[in-house]
Amino acid sequence: MADWDEIKRLAADFQKAQLSTSLQRLSERNCIEIVRLLIDKGLIDVIYTNDGKEYLTQDHLQQEVKDELYVRGGRVNLIELAKVLNVEFAKIEYTAKRLVDRDPELHLLLGQLIDASYIQRVASEINQKLVQYGEINIGQLTSTYDLPTDFILNKIVLDNLHKIIFAKQDPTNGHIFFTQSYIMRNKAKIRGALAAITKPTPISVILNLTDVPARILYMSLNELSSLGSVTVQSPAGQYVPHVYERMQADYVKDYFQQNGYITNDTVSKLGVSDVRSFVRSRLPDEKIICMKNCIVSNRLIERVTYAMDACISSNSYLDLSTILPPALSNDIMEEILTHVLTPTIRKQTYVFGTVVLTVSFMDECVKGCQELVNEHAKRAVESGNYQKYMAEKMMQHQDVDQFAMDEGKVDKREERRKKAATGKGGGGAQGRETKTKSTKKHARGNKGNAMDSDDEVEMQSSAGGKKGGKEPHIELITVKEIAKVVEKTLEPEGLEMLDKDLANHYYPILSKQALAKAHELYEMSMQKSNQNRRQTHASIQEKLNTLYNDIRLYEKGLKLFPFDVQGQLLKYLLKTFGTDVCNELCLYVAAECNLNTNFNAPLTAEQRTKIANDSSAEYRVSLQTLCKALTASETVEDFLEKTEKAMQACSMMLKKIDKKKDRNLILCHKHGLLEQLTNCTDPALVLHLAVLIIFTISTQTMLHASGRHVSAILSFLQTVLTADDAKVFTNYHDLVLKLLSTENASSEDSKANAEDIKKQLSELTPVVKSIAGNFKKAGVTAVE
């Protein structure tokens, strides 16, 4: 205290000195030195300002801090305070901490000094927001007031709750507060929305319509469920009202009692997951039968059973759509029908969709098809289609049997070879191999034997594949034809829609009957054909003898020509008469072997080869050789030799050669040519016939040649014709060639030339015919 009194005295002296005249006033430098001296001696404790021009005591600084806190509304930032007071931040911070320690209503937070007045004002503002919005979130207040969440929650809200702030804390989220009026208002919205719901409604829809927070909805649910307006459960996120459950039960009960059934889809659309349990619980007194897609009353089943018994007793039909509710689908009707049909009823009826037909009724419908079966069977035999079918079937069986025989031979041969070449190893023989005797392979008990080799398995599989080939097929009667007959019987009953179903059912039966009838008619025709076969054999034999003699006679004529022309004439002869011989023999063999061949059209080379390859062994080799000889023979003798062997294979005999008959044949051939020449007007054909006639008369042989060989024949006849006749024929031949060349041209000049040539030919044609008709061989007189 003495020091303090001395300080006060010195301060008074210092003040007095300052107020005195300039002579007594101290300079600024002296004042600074005095203050420094006092501070050094510890007599005073002052705080320098930032510019060093002013001194503050600690008490004065505390007072200025309080004054600034008050002026700024109870919240001040220490950094700003340091700038305003022009004091170091550390001194300000130290002062603030001392103030907070002394005063519990002051708070130092995040570099800010806050007093109780500011907290009360913030609490009042929060309460105003609660009144305005009904709800606040501490997180939003944190960003609004720039204060920590815990400080706002604990120091502002909770400390002033029910004092300044009148609200209720959310039990599920402690950072949310709302007023009682807000809760009541939202409860009223929820109550109204739930009371208006008449069907299952998702929670999201309710929240969107009411604009109520989800937490308040869940918090209020237990309170609202006591009203009975909504169920407590919410399956799949939905609220289901009690009124909806009553509506479900009433709808199912009324529908079932009125119709006698209810479908699973109908109940599922009401929002029921377990349909059967729901229906049983709502209809405890009803006898129900649960099916796959519906639940049916026992009364409906009894009705169908009674109608089914009446249908069987009357040998008629039953259409379920006439006795069951029309709303039932065909699938459900078929389920009910399956439930009603017993094994005894199934034996007497056939089911087509929802229509039941008795066997007697169906037989009556198809009775008219017997005439159709007989007619088609007769037509198939008469047209030869059934014979082709039988031939294909027989050929396939022959191929399979031959394949199996060949495989069997290979199997046995391979097995004997393997058993003879291999030996068994055993300890009793000191590990040496010993040969075993070959034994016959027994057929029984070998199926699936593990000792079978891979080769055997391979051969078995290949044989099975051969047997599994496509069987020949013939369709004597069609489903469409059966349907037309059946439709006549079904149409009066209103069942014409079943004609195809009934036709498909009876098609296999009627097809078998048609095949049986066709086979019967085929057997009868075979008996008749066997009687006619001898006559056919004789006529073919006669025809082949005639062709054989013609070829033999034509051969003599072509041998008179040079070697190069002989080859051309030989090819033409084989192409015409040789082809006729092959065709006759192939057709005969095809008929004998029942091969599938078109007997009305000329055979092609491929068809002849196929018939030769497919024929039986007695015909095959000779027929194949004859077919090859058509193109491979270099002489007529070679072809005739092959023809003779083929005829022998077909049990046909060649007649002996008679030279007297040969002369008659040549003479008849000449007269035939002369007759054709008399009636012919075509210049090219006139020339062709004329040279053949002259050749036959001059050589006393027959010649078979085409138009392209006329030039060679004319060259040959130059030695037997007179010079004038040769000149006429040469001129006529040139005109024919010119006419043929100009006819192909389309220009006007060519047409004019053609007319001129035709005119010249018409003048020469009588001359050519006269020369050929009056030609006599030199030194021979006409006997005719």
Would the distance check show the side chain of [X] and the main-chain N or O of [Y] forming a donor-acceptor pair, the cut-off being under 3.5 Å?
X: Q541; Y: M653; answer: yes
X: Q760; Y: I757; answer: no
X: H671; Y: C668; answer: no
X: Q676; Y: L673; answer: no
X: E555; Y: V636; answer: no
X: S770; Y: P766; answer: no

Exercise. Without hydrogens or angle criteria, can the side chains of T635 and D638 be said to hold a donor-acceptor pair below 3.5 Å?
Worked result: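 No - no donor-acceptor pair under 3.5 Å links their side chains.
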
Problem set entry | Donor-acceptor side-chain pairing of H733 and T730 below 3.5 angstrom | no

Exercise. Crowded around E634 CD? As in, over 12 foreign heavy atoms under 6.0 Å?
Worked result: no

Exercise. Can you tell me if NZ on K738 sees more than 12 non-hydrogen neighbours from other groups inside 6.0 Å?
Worked result: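 Check fails, neighbour count at 12 or below.
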
Are the side chains of [X] and [Y] in touch, meaning some heavy atoms are under 4.5 Å apart?
X: V767; Y: Y732; answer: no
X: M647; Y: N545; answer: yes
X: C593; Y: V589; answer: yes
X: H709; Y: Q568; answer: yes
X: N613; Y: Q624; answer: yes
X: F775; Y: D725; answer: no
X: K776; Y: I697; answer: no
X: Y548; Y: K655; answer: no

Value rounded to 0.5 Å, distance of [atom1] in [X] from [atom2] in [Y]:
X: L685; Y: C680; atom1: CG; atom2: SG; value: 3.5 Å
X: K512; Y: Y507; atom1: NZ; atom2: OH; value: 12.0 Å
X: L654; Y: E644; atom1: CG; atom2: CD; value: 5.0 Å
X: I694; Y: L703; atom1: CD1; atom2: CG; value: 12.5 Å
X: E763; Y: L735; atom1: CD; atom2: CG; value: 10.0 Å
X: D550; Y: L665; atom1: CG; atom2: CG; value: 7.0 Å

For this session: Quick one: do L510 and Q513 satisfy side-chain contact (heavy atoms from CB on, under 4.5 Å)? Show the steps, please.
Result: CA-CA 5 Å; L510 294 176; Q513 292 179 1; 3.5 Å; yes

For this session: Specify whether H669 and Y554 have parallel, tilted or perpendicular ring planes, treating 30° as the upper limit for parallel and 60° as the lower limit for perpendicular.
Result: perpendicular

For this session: Return the orientation label for the Y619 and Y588 ring planes: parallel under 30°, perpendicular over 60°, tilted otherwise.
Result: perpendicular

Problem set entry | Audit row: C650, S622, side-chain contact (heavy atoms from CB on, under 4.5 Å) steps and yes/no | CA-CA 10 Å; C650 296; S622 58; over 6 Å; no

Compare every heavy atom of [Y] with every heavy atom of [X], then report the nearest pair and how far apart it is.
X: T701; Y: G557; result: OG1-CA, 3.7 Å
X: V768; Y: A690; result: CG1-CB, 3.8 Å
X: A772; Y: L674; result: O-CD2, 4.3 Å
X: F729; Y: I771; result: CE1-CG2, 3.5 Å
X: V686; Y: T681; result: CG2-C, 4.4 Å
X: A705; Y: H688; result: O-NE2, 3.0 Å

Exercise. Looking at L585, T643, N549, which hits side chain to side chain contact (heavy atoms under 4.5 Å, CB included) with L544?
Worked result: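 Only one of L585, T643, N549 forms a side chain to side chain contact (heavy atoms under 4.5 Å, CB included) with L544, namely L585.
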
For this session: Can you sort out the partners of K543 under side-chain hydrogen bond (donor to acceptor under 3.5 Å, both in side chains), two or more places apart, ordered by chain and number?
Result: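 Counting only residues at least two positions away or on another chain, K543 forms a side-chain hydrogen bond (donor to acceptor under 3.5 Å, both in side chains) with E584.
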
Exercise. Excluding sequence neighbours, so at least two apart, what forms side-chain hydrogen bond (donor to acceptor under 3.5 Å, both in side chains) with S615?
Worked result: none

Compile the donor-acceptor pairs under 3.5 Å between side chains in residues 569-583 and protein atoms, sequence neighbours left out, one pair per line.
from, atom 1, to, atom 2, distance (Å)
T576, OG1, Y572, O, 2.9
T576, OG1, L573, O, 3.1
T576, OG1, H704, NE2, 2.9
T579, OG1, L574, O, 3.3
T579, OG1, K575, O, 2.6
N583, OD1, R608, NH1, 3.1
N583, ND2, T579, O, 3.4

Exercise. Charged N to carboxylate O below 4.0 Å: is that the case for E675 and K769?
Worked result: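 No.
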
Problem set entry | Check ion pair K759-E755 (N to O, under 4.0 angstrom) | no

For this session: Take F716 and V691, measure what side-chain contact (heavy atoms from CB on, under 4.5 Å) needs, and give me the verdict at the end.
Result: CA-CA 10 Å; F716 177 81; V691 296; over 6 Å; no

Problem set entry | Intermediate values then yes/no, salt bridge (charged side-chain N to carboxylate O under 4.0 Å, His left out), R552 and D662 | CA-CA 10 Å; R552 183 176 57 80; D662 289 349; 3.0 Å; yes

